[in-house]
Amino acid sequence: MTVFRITRATALPAQACWLRVTDWSAHAAQMPLTSARVTTPAPAGVGTVFVVRSGIGRCGFDDPMEVVRWEPPQAGRAGVCRLVKRGRVITGWAEVEVIPAGSDGDSGSVVVWTEDLRIRPLPRLLDPLVARVGRRVFGRALDGLLARVPAG
């Protein structure tokens with residue numbers, strides 16, 4: 001498995017930040033040739049399952065994920081969401097923490113995204129490359145999530 005970590009500070013209050021980093025469709029919109037569909041009913045939380053599809057047409061693969069931990073941030077307490085990747089091609093887990101920058105929860109926040117990623121067909125020898133590419137790709141996605149203007 002390849003573990004990497006991405007950290008970003010944002011002026012967004014912790015609650016607004018949480019809503020952005022747990023919007024699974026918005027994640028897919030930040031990745032080229034990727035779509036996402038939530039397969040369980042709302043609201044989001046433990047047990048939510050979604051499938052990220054990467055590729056074009058039949059040339060691609062599904063990356064099913066399940067939320068196994070869901071603790072939204074509250075005043076003075078970080079929020080944590082943990083996903084388990086249950087696919088045939090990509091396995092591992094991801095954990096996203098939203099840490100309030102101030103005790104009021106409105107003074108900005110810090111996002112810590114930790115990913116344990118395994119791409120099954122690749123030999124472990126390539127783990128350092130997978131980590132480097134993962135940091136770059138997921139870092140860009142996180143930057144896009146934090147920068148986007150919410151709809152409505």
Side-chain angles (χ1 to χ4, degrees), residues 1-56 60-87 89-119 127 129-152:
M1 297 275 179
T2 301
V3 178
F4 58 89
R5 178 171 285 138
I6 303 159
T7 303
R8 297 290 190 271
T10 178
L12 290 168
Q15 201 62 357
C17 183
W18 175 263
L19 292 174
R20 288 189 187 195
V21 300
T22 60
D23 180 344
W24 313 125
S25 296
H27 276 258
Q30 298 300 319
M31 305 273 196
L33 306 174
T34 302
S35 63
R37 72 183 193 292
V38 178
T39 62
T40 51
V46 171
T48 296
V49 175
F50 60 99
V51 179
V52 176
R53 173 91 182 150
S54 298
I56 299 174
F61 61 91
D62 289 338
D63 183 10
M65 297 180 219
E66 181 179 357
V67 176
V68 296
R69 184 174 177 193
W70 181 268
E71 298 172 14
Q74 295 181 0
R77 185 177 65 77
V80 181
C81 177
R82 186 177 179 96
L83 309 167
V84 175
K85 297 171 177 278
R86 303 202 185 279
V89 177
I90 297 179
T91 61
W93 53 265
E95 190 165 276
V96 180
E97 295 176 82
V98 175
I99 305 161
S103 60
D104 61 1
D106 292 329
S107 303
S109 49
V110 175
V111 178
V112 179
W113 179 331
T114 306
E115 183 106 12
D116 188 351
L117 182 64
R118 177 80 179 119
I119 303 173
D127 282 357
L129 176 63
V130 170
R132 193 165 45 251
V133 171
R135 270 191 296 277
R136 184 173 189 129
V137 169
F138 289 102
R140 280 187 167 171
L142 183 55
D143 291 342
L145 289 168
L146 297 176
R148 74 181 170 87
V149 176

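Thr114 has its side chain out of reach of Asp116: every pair of non-hydrogen atoms, C-beta onward, lies at least 4.5 Å apart. Looking at Val51 and Asp63, their side chains never come closer than 4.5 Å, going by heavy atoms from C-beta outward.
Among residue pairs with one or both ends in residues 25-40, none qualify as salt bridge (Lys or Arg N to Asp or Glu O under 4.0 Å); sequence neighbours excluded.
A donor-acceptor distance shorter than 3.5 angstrom exists from the side chain of Thr40 to the backbone of Val49, with no hydrogens or angles considered.
Partners of Phe50 under the ring-ring contact (aromatic ring centres under 6.0 Å, His included) rule, at least two apart in sequence or in another chain, are Trp24. Not counting sequence neighbours, the partners of Ser54 by the side-chain contact (heavy atoms from CB on, under 4.5 Å) test are Thr34, Val52, Phe61. Remark: Arg53 pairs with Asp62 by the side chain to side chain donor-acceptor pair (under 3.5 Å) rule, at least two apart or across chains. Judged as a side chain to side chain donor-acceptor pair (under 3.5 Å), and not counting sequence neighbours, the contacts of Arg8 are Asp143. Taking the side-chain contact (heavy atoms from CB on, under 4.5 Å) definition, one finds that Ala94 meets it with Leu83, Trp113, Glu115, sequence neighbours left out. Applying the side-chain contact (heavy atoms from CB on, under 4.5 Å) test to Thr7 and every residue at least two apart in sequence or in another chain returns Arg5, Val110, Val112. Remark: Arg135 pairs with Phe4, Ile6, Ala131, Arg132 by the side-chain contact (heavy atoms from CB on, under 4.5 Å) rule, at least two apart or across chains.
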Output side-chain donor-acceptor pairs under 3.5 Å for residues 65-73, partner residues at least two apart or in another chain, one line each.
| from | atom 1 | to | atom 2 | distance (Å) |
| --- | --- | --- | --- | --- |
| Glu66 | OE1 | Arg86 | NE | 3.0 |
| Glu66 | OE1 | Arg86 | NH2 | 3.2 |
| Arg69 | NE | Glu71 | OE2 | 3.0 |
| Arg69 | NH2 | Glu71 | OE1 | 3.3 |

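The CG atom of Leu142 sits 7.5 Å away from atom SG of Cys17, with the distance rounded to the nearest 0.5 Å.
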